[in-house]
Each structure stands twice: as structure tokens, then as C-alpha cells.
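Take a look at the structure below.
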Amino acid sequence: MAVTTHILGFPRIGEKRELKFALEKYWRGEVTQSQLEETGAAIRHENWELQADNHLSYVTAGDFAWYDHVLTTSLLLGHIPARHRQGSPTLDTLFQVARGQSQHTCDCHGVAASDMTKWFNTNYHYIVPEFSADDTFDVTWQQLFDEIGEAQQRGHSVKPVLLGPLSYLYLGKSVDDGFDRLTLLPRLIRAYQKILAQLSQQGVTWLQIDEPILALELDADWLGSFKLAYEMLAGDVKLLLTTYFDGISGVIDDIVALPVNGLHIDVVSAADQLSPVLAKLPADWVLSLGVINGRNVWRADLAALLKQLEPVHEQLGDRLWVASSCSLLHSPVDLAPETQMNADVKSWFAFARQKVKETGLLGAALNGNPEAIEFCHQYSQPIEARKASQQVHKPQVQARLKTITDALATRTLPYEARAKAQKSALGLPFLPTTTIGSFPQTNDIRQQRSAFKQGKITESEYEESLKAHIRDAVERQEALGLDVLVHGEAERNDMVEYFAGHLTGFQTTQFGWVQSYGSRCVKPAIVVTDIERDKPITVSWSQYAQSLTSKQMKGMLTGPVTILCWTFPREDISRKEIAQQLALALRDEVDDLQEAGINIIQIDEPAIREGLPLKKRDHQAYLDWAVQAFRISASGAKPETQIHTHMCYSEFNEIIESVAALDADVITIETSRSNMALLDAFEKFNYPNEIGPGVYDIHSPNIPTEAWIVDLLKKAAEAIPAERLWVNPDCGLKTREWAETEASLKNMVSAAKTLRQELAG
Ligand code: GLN
Ligand code: ZN
């Protein structure tokens, strides 16, 4: 009757981001490949020891990746874009696919990297496989087998993980027109058969085969293909079909018809799937329940889980497996080194290492170990204490949430009337020019910030240096002749971290890094209590900047949905409520900005689209509260105060109605890379307010010419009436140098002037 315990994967970056530093040194030629390999091996060994020390039934192998696990799968399958193929693949091949190969390292022309895109609804990015009709697959990369051997040699019981064939195909993109990737499935399956045969030879009994796409809403072709594929894969190695990030109860009938040996479901993201799945589970399958949240930082309520799982254990006996909901890749590595955290707050969290411990303990408790049972109850005590804490549930925030009404989320006048009021109040020209907020984060800015953080300069010295940067930015913008100026965001390291650091209710960490892509990691703040703004955040900077110019100075805020999406949320209240709390706090900031004489305020929401739930049927509910949150933050603005928003992506078709429902007076978006094609959605929908379609790509160092910008603007004017057009770059300029920034903006301003004359005449 013993339950089996395992995790779906562990972070590979190392406790102190060792892999990141080793990779970057390797790319700079500062360490050899074998030194890099040693770093990777040490991380794997440590991760396996941890799992073994915590008595997990299996250690997971195959979760390590030099850059990204989807890319590792491509190499394993010998599926490398033709432009990167050159003899047998090496580690450098892998890095070339991920990062491209520049002209500097070879005499050939630059060879483009593959695309990168978000892994489902996480903030992790994977390398997109490229498929064409004549692709072939073969097992050419031994990493998986080597790592399994390595773990076995160290005495571990190994359960490898492998991305399943359907998800691998689905997550890629077709590079040939009009070709159906599913036609590649038979060939792909033959390669998977070879992999399974080799695993079986290595003595692998269970394989965790990840098919996360089962949690999406697949069409009949894709869903129907599972049967064919898995019939060809059934054999010596037992398959644990693994799903996560959302529920699969809608397709449970299709799933139970597959010849696999067990199923993993994510009970954290979709608790309601447990009973329908239990009801349909074939009698000889194991069921792995993902109950330890792999993508957030909160301590698991082991006492509650124990109670919930006992009857399931009763029912399934040793067919019950207990696991993390998804790979722990999405949580920070270790809580232990967080020495600056208040002990109470620390007792609320569990990072990846602690989650392994939780999994082991829960298993032991279910198996009847009295010490483990006792420990589970103790372990849940801080969670109980937190439930009643007024530090967490602040009565004043709760009271304020009750004041939310439709009226609170609505500007006092409709757009047309506001536009008139703004026209007379703001004195802007036809085709006004502006930027998206940030200006180059120069070395000096970074040095001052780090000196201040290390206590090497005083707060007032730091402020003086920031003021000097603001002054400089204002002078440059005036010289360029821009119409709406910005202060440049020199005081912000990151648009979310800055607000999380200045609002109450967030906890930041010292080492809470999570892999974003390749060697890049992010350190999101954690929402821990009800959120409040106890004092103005940006007002003094904007006010100072406004005092330097007679032009309009645009205030610059990060929106509630973006702050929510780029931090770890609380689990005891809904995302909707967190967004509302943030919205109310930002609303106060909007109020104070306009009181301080700021007449234009931008509330950035670049993350609205990526916050969409995985299933289409859940989209509208999310969009409704996301839009409401934005509107709560913006609606305290007087009619003559102009609200801008910014989103730096392209595909608006799906969400255009909600974008319009934000009712921002002006929206700036990214369009330059598609030659304004992205305005289609806005044109078709008849977008009612003003739009600034980005007229040049800030991600490229190229300087756009005046003629090129004029041309783009003319295209834009075909889609949007020119009276409602703004002229701006497509995103913030913080990653650029001043020289290229000024050269580009100079051409942008003169393009606007040229067009003003042409269109007026
Ligand atoms: N205001 C921010 C900036 O300019 C917007 C950044 C973003 O959209 N990601 O940097
Ligand atoms: Zn942007």
C-alpha cells in the first residue's frame, strides 16, 4: 500500500546560478567545455542527492538542460534546423540554434537563432522547433541516456522525463507553407520507439512522458493522434502520461483509451479534476497527483493534503503517486539562504528544495509514518496562523475593496468628450510625438544604484544623481523637439520590481532566481499581504521633471495586471482580488500625479495578453477582471487628464475588444516589425480612441530613416484616421545607447513634421 513519490523536474540553474555563470563564461571563451560540463554535472548530482535524501521513490533525470529542455529534445531527435546542421551535433550546435551564430565567430554570414516563445502560461521561454515537410528524425544526441546512466551509477532509482511526441510537434512551428505538422508523426514516433528501446535496455522501468498540451483545448486531429502515437509506443517501458498547468477532465475519455500505465494530473491548477479522473481511472493505472505547487513559492498545507489524500490512498492503494504539480523549474531553488527575511514570513514559503522535502514527507505520512504525520501537522501551523493575521488581511484594504463599483471603474466622461477637453487643455500638435517611458540605462545610472544599495552613497546623493539624469533626458528631448516628454525612468531597475519595492504587501528575495530562458534568470517579488500604497511613489520624479520644461511631462506607471503577472501571487486570495488591490493603490498614484500638475499619465500593461488562461473558455472571465483592474486604476483621472497605456506585442485579434474596453485615451503598441500589419485588428474593430503604432523597432540597433518612418506612418493613416495617430517608438529605450536613441528620435520627429505639412496641405 506504499505510495510512490517523485517530482516532475528540478531547477537546473544551481543554487547560486552556477550554470548561468558557467554558460556565460563558456560563451565568452573563458572556460573550456569540460569545465562547463563539470558545473552541469555537479548541479545534477546535488539535485539527485536531495531527492534521494528526502526519500523520494525515484530521482528524476532528463530534466537538466544546457539551455532549454525543448531544445534538448530537438537534439535528441536529430531535429536541427538545416542552417545549423554541420556534421554530428555538438554542444556548440545546441547553443547556435538557441543564440544564432554571428559573423564574428565564422566567415559565413550570420545564421539566425530559432524563435523563442513562452512555455504555456509561465514566464519560462523555450526554443521553438522548426518543422518542414521533409524533416527526418533520428536519435543523435546521447545526453538523456548519459544522464540516466550517471544517476544509476550513483545508486539512484531513476525515472527519466521526456517531452512527448505530440507536445513536441504541437509546440513547434511549420516553416513550410500549408503543411500539416501531424504528417510528420509516424516518422517522429519511430524515433521515439528507438529512444524507448534504449531506455528499456538501460533498465528504466517508468518514463514520465510529458504531454502538457492535453490541458489545452485541442482540435480533433491533434487529440485523435494520441491514440495512434501511443499505440506505437506501448512496450517495455511503463509510461506515466503527464499533464500540467490545467485540468484534463474534458478529455479524460480519450486519455483512458490510451495504452499507457499511468497518468499525472496537476491538482493545484485544477483541483476539480480529481474526482472525474478518479471515477474513470483504469484499474491497472497508477495516478500521480501533483499536489505540491511547482510554480509558486508557498509552503504546502501538508496537514490539509494529508486529510484530502487519505481516502484517495484508501481507494488506490499503491497505485497512488504523490508529486509536484509541474516541474519545480518554475520556482526558486532554496529558501535557506534568505537571511534577510523575517522569520515569520519565511515560514510561509517553500522553494524547490523545500518542495522536495514536502513531497517526501507527505508520502511518508500517507504511508503511516507517525513522525511524518506529526511533522505535517506542525508544518501547517504557520499557514493556520497566517489565515487570521491582520498583517495579511488588512481591514482597511478589505473595506476599500468593497467600494469597487462599475462607476469607480469608469471615467466621468466618454472618450469623445474627454478628447475635446484634452485638446484644449494639453495644446498638442497634430501627430504628436512621444516615447514609451524609459531612456538608456547608462553605466553611470547602474553604478549609482548599486553604490546606493551597498550603502556607499547616501540617499540624497543618489537622488541628486538621478535628478541629473532626469535633467539630461529632458534637455535632450527638448532639443529633439518631442511633444510629450518623459522623465526617463532612471530610478527603476525594472518596471515591476520598482513598484513591488515601493508598495506595501510585497516580499523581495536575495536569491530567488528563476530561469527565464537560457542563462537568463528573473527574481520576481512575492505578494504576501494585502497591498497598499502608503506614500506616493513616482510623484516627486515626475514633478521634478515637469518643473524643467513647459512641454507636457508624461507620468509613468506599471499597470495592475502586469505587476500581478510578473510576481508570485498569493494563493489564499484570487488573482482578481490581488489585481483589484493593486488597482486601488495605483489609482491613488494617478490622483497624486494629476494633483501635482501631471496632465498625461501612462499606465503600462505589457503583460495583459500573456496572463490569458490556457483554455479559451476561461479567457473572458480573466479579461473582464483584468480590464476592470486597469479601469479602476485609471478612472480617477479628470476628463482633461490624458491616460495612455502601452503594450509591446503584436497579436491583438483575440483581445481587441478588451483592449478597447480599457478605454485608455491613447494606446501605444508594437507594429514596426510587421510594417503596420498589426494595425489590422484595430482597423477591423474600428478602434475608437487614439493609437501610437510604434514606428521603429527599438530591439534593433539600426537607425530608421525619416523616409522609412514617413512611409510607415502613411500606412498607419490608411488604417487609423490621422487625427487619432501618435508617433512613437515601439517600446522603452532603456536597453539602447544615447547616440542611436537620439539619431532615431531625430528622424522620427522630422518624419512627423514632414507628414504634418503633407497631410495638412
Ligand atoms: N515604460 C516602460 C519602458 O519604457 C515600458 C516597458 C515595456 O513595455 N516592457 O521601459
Ligand atoms: Zn513595450
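Because the structure is a prediction, the values reported are computed rather than measured. Remember, it's 1-based here, ligands and their atoms both numbered in the order they're listed.
- Side-chain contact of Asn123 with Arg295: a donor-acceptor pair under 3.5 Å is absent, judged by distance alone.
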With the criterion set at N/O pairs under 3.5 Å, what does the list of contacts between the protein and ligand 1 look like, atom names and distances included?
residue: ligand 1; atom: 1 (N); partner: Ile436; partner atom: O; Å: 3.1
residue: ligand 1; atom: 1 (N); partner: Glu489; partner atom: OE2; Å: 2.9
residue: ligand 1; atom: 1 (N); partner: Asp604; partner atom: OD2; Å: 2.6
residue: ligand 1; atom: 4 (O); partner: Ile436; partner atom: O; Å: 3.4
residue: ligand 1; atom: 4 (O); partner: Ser438; partner atom: N; Å: 2.9
residue: ligand 1; atom: 4 (O); partner: Ser438; partner atom: OG; Å: 3.1
residue: ligand 1; atom: 8 (O); partner: His646; partner atom: NE2; Å: 3.1
residue: ligand 1; atom: 10 (O); partner: Ser438; partner atom: OG; Å: 2.7

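- Ion pairing between Lys576 and Asp624 fails under the 4.0 Å rule for side-chain N and carboxylate O.
- Using cut-offs of 30° and 60° for the angle between ring planes, the Phe120 and Phe245 rings count as tilted.
- Ring planes of Trp625 and Tyr622: perpendicular class, angle over 60° (limits at 30 and 60°).
- You'll find the ring centres of Phe652 and Phe682 inside the 6.0 Å limit.
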Side chain to side chain donor-acceptor pair (under 3.5 Å) evaluation trace for Glu706 with Ser750
CA-CA 7 Å; Glu706 182 193 323; Ser750 53; 3.3 Å; yes
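- With the Zn ion (ligand 2) as vertex, His646 NE2 and Cys648 SG subtend 120°, rounded to 10°.
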